[in-house]
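Below is one structure; the comments refer to it alone.
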Number of protein chains: 2
Amino acid sequence: MASDRQIKERELRKEQILNAALKVFKANELEKATMDEIAKEADFGKATLYYYFSSKEEIFIEILNRGWKMIWESIEPVIHNPGKPKDTFIDALNIIGTLVRKNQILFEFLFTAPQKMPSSLNEGKPEWKGYQVKMYSVFEGLLEEGISKKEFPQMRSDLLMRAIGGLFHGLFFLGHEKKPMSRETMEDFITTFIGNYGTK
Amino acid sequence: MASDRQIKERELRKEQILNAALKVFKANELEKATMDEIAKEADFGKATLYYYFSSKEEIFIEILNRGWKMIWESIEPVIHNPGKPKDTFIDALNIIGTLVRKNQILFEFLFTAPQKMPSSLNEGKPEWKGYQVKMYSVFEGLLEEGISKKEFPQMRSDLLMRAIGGLFHGLFFLGHEKKPMSRETMEDFITTFIGNYGTK
DNA sequence: ATTTTTATCGAACCTTTAGTCGAAAATTAA
DNA sequence: TTAATTTTCGACTAAAGGTTCGATAAAAAT
């Protein structure tokens, strides 16, 4: 049977493959990313990839699963702050902003891949989707509470949600130069667009 | 040589193909859209597509060219309103909003395809890119003017641009239900987020 | 009516690429 | 050392899908 160290090494190799895959997914455009290239990037033979993952899809999904799990686990601790929807909302956004800043490539992938990807990969309710849904529910809940407490603009929470989603997305991922945005700039933004209600 | 009517018919057939292609690009995910499917949808044999277009890419590009040209020509008439950046900005946004509402599928394609598509299609500075750039320049110019006149939030115009871009995009294209948004709702939005500066 | 031009498409062609197979290294266990 | 297990990969297969070819039909010109 496999030793502890063997299992750990195996996990490391898996990560090596996933990182390589992310690079390739990023550089080439998603569907143009080939197993051959991932293999080259990961410094393994193509056949070896199939020793660790059963398909290209699985690699894809695994990146999403791990990523969204990480997002969820990062914000989970701060979302139970009762009675302070705006602060909580901003805290959570900032946490995600920090993550994005640390690994822009991964997060751009996490936030954009679901749009681009074949919807066939969505069937079977993958793990990552669960985390994504949970996160959106939390945000929408905070918005609803914040709206009713007049801390946010008075409008339908789902629309506000979309606007903020777009805003956030635009701030980090649109534009030609995709340089990360500092925490200060981002807080500035949040305050300007959604934070200056009911406070002045 | 070809008669007037022949040329017109040819153009009609081209449009038939382009519309079919759009449907297929939309339904399946871009790269999964096959010439076979486009042919089926257009009700032509696959080989016939190559009589009208020299490649799959060309079909793709042609949709973008025609679409962005249309966008540009729709806003061009209103952007020369001198001295009223905020009004002009909102007018232009509203015009685009109206277009989007009329043909959501096409515009979702126009606004999202450039992100998803292989960058190889961007080489050679395609026509549509020109219109897109012109449009963005106009918007950014209006923002700069509006900022300096305190009609907009005081922040770097490029950042504001990104925010509004994301906002707009989110409003129309994010979310599960992609139902069109009414003009009223949209004006509400614009006012709430960028329009209530320097006026109250 | 006949010739020429325009339009159509079925059947191949050919490249790309996901995934498999079986054998050989490398590592671990005995 | 030798046997068992784990890991690696070169070479192959199969299928998908873009593109071309050559023949035929339809329309226009003469």
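In what follows, chains carry the letters A, B, and so on, assigned in the order in which the sequence lines appear, proteins first and then strands, with residues in each chain numbered from 1.
- For the pair Lys46(B) NZ and dC13(C) C1', the computed distance is 11 Å after rounding to whole Å.
- Taking the charged nitrogens against the carboxylate oxygens, Arg66(B) and Glu11(B) do have a contact shorter than 4.0 Å, which makes a salt bridge.
- In this model, the phosphate group of dG17(D) is not approached by any side-chain N or O of Thr34(B) to a distance below 4.0 Å at OP1 or OP2.
- For Gln6(A) and dA26(C), the CD to P distance is 16 Å, given to the nearest whole Å.
- Comparing Glu57(A) and Ala47(B) by the nucleotide of DNA chain C whose heavy atom lies nearest to each, the residue mapping closer to the 5' end is Ala47(B).
- Both Ser55(A) and Gly45(B) lie close to DNA chain C; mapped to their nearest nucleotides by heavy-atom distance, the more 5′-ward contact belongs to Gly45(B).
- For the pair Tyr50(A) OH and dT6(D) C1', the interatomic distance rounds to 21 Å; values are reported in whole Å.
- Between Phe152(A) and Phe89(A), the distance separating the two ring centers is shorter than 6.0 angstrom.
- Remark: C1' of dG18(D) and CD1 of Ile38(B) are 11 Å apart, rounded to the nearest angstrom.
- Side-chain proximity of Phe44(B) to dA18(C), dG18(D), dT8(C): nearest is dT8(C).
- Between Arg10(B) and dT6(C), a side-chain N or O to OP1/OP2 separation shorter than 4.0 Å is absent.
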Can Phe107(A) and Trp68(A) be said to form a ring-ring contact (aromatic ring centres under 6.0 Å, His included), step by step?
CA-CA 9 Å; Phe107(A) 284 86; Trp68(A) 278 101; 8.4 Å; no

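- Rounded to whole Å, the distance from CG on Asp43(A) to C1' on dT8(D) is 12 Å.
- Side-chain N/O atoms of Tyr51(A) include one lying less than 4.0 angstrom from OP1 or OP2 on dT7(D).
- Atom CG in Asp36(A) sits roughly 13 Å away from atom P in dA11(D) (whole-Å rounding).
- With hydrogens and angles ignored, no donor-acceptor pair under 3.5 angstrom links the side chain of Lys56(B) to the base of dT19(D).
- When the side-chain nitrogen and oxygen atoms of Arg13(A) are compared with OP1 and OP2 of dT8(D), one or more of them lie within a distance under 4.0 Å.
- Nucleotide dT17(C) holds its C1' atom 15 Å from the NZ atom of Lys40(A), rounded to whole Å.
- Shown here is Lys149(A), whose NZ atom has more than 12 heavy atoms of other residues, nucleotides or ligands within 6.0 Å.
- Residue contacts shown for Tyr52(A) are limited to sugar-phosphate atoms, with no base heavy atom under 4.0 Å away.
- Between Thr48(B) and dC9(C) there is a side-chain N or O to OP1 or OP2 distance below 4.0 Å.
- Separation of the Phe109(B) and Phe60(B) ring centroids falls under the 6.0 Å cut-off.
- Residue Arg5(B) has a polar side-chain atom (N or O) positioned under 4.0 Å from OP1 or OP2 of dA28(D).
- Taking atom CE on Met35(A) and atom P on dA16(D), their separation rounds to 18 Å, with Å as the unit.
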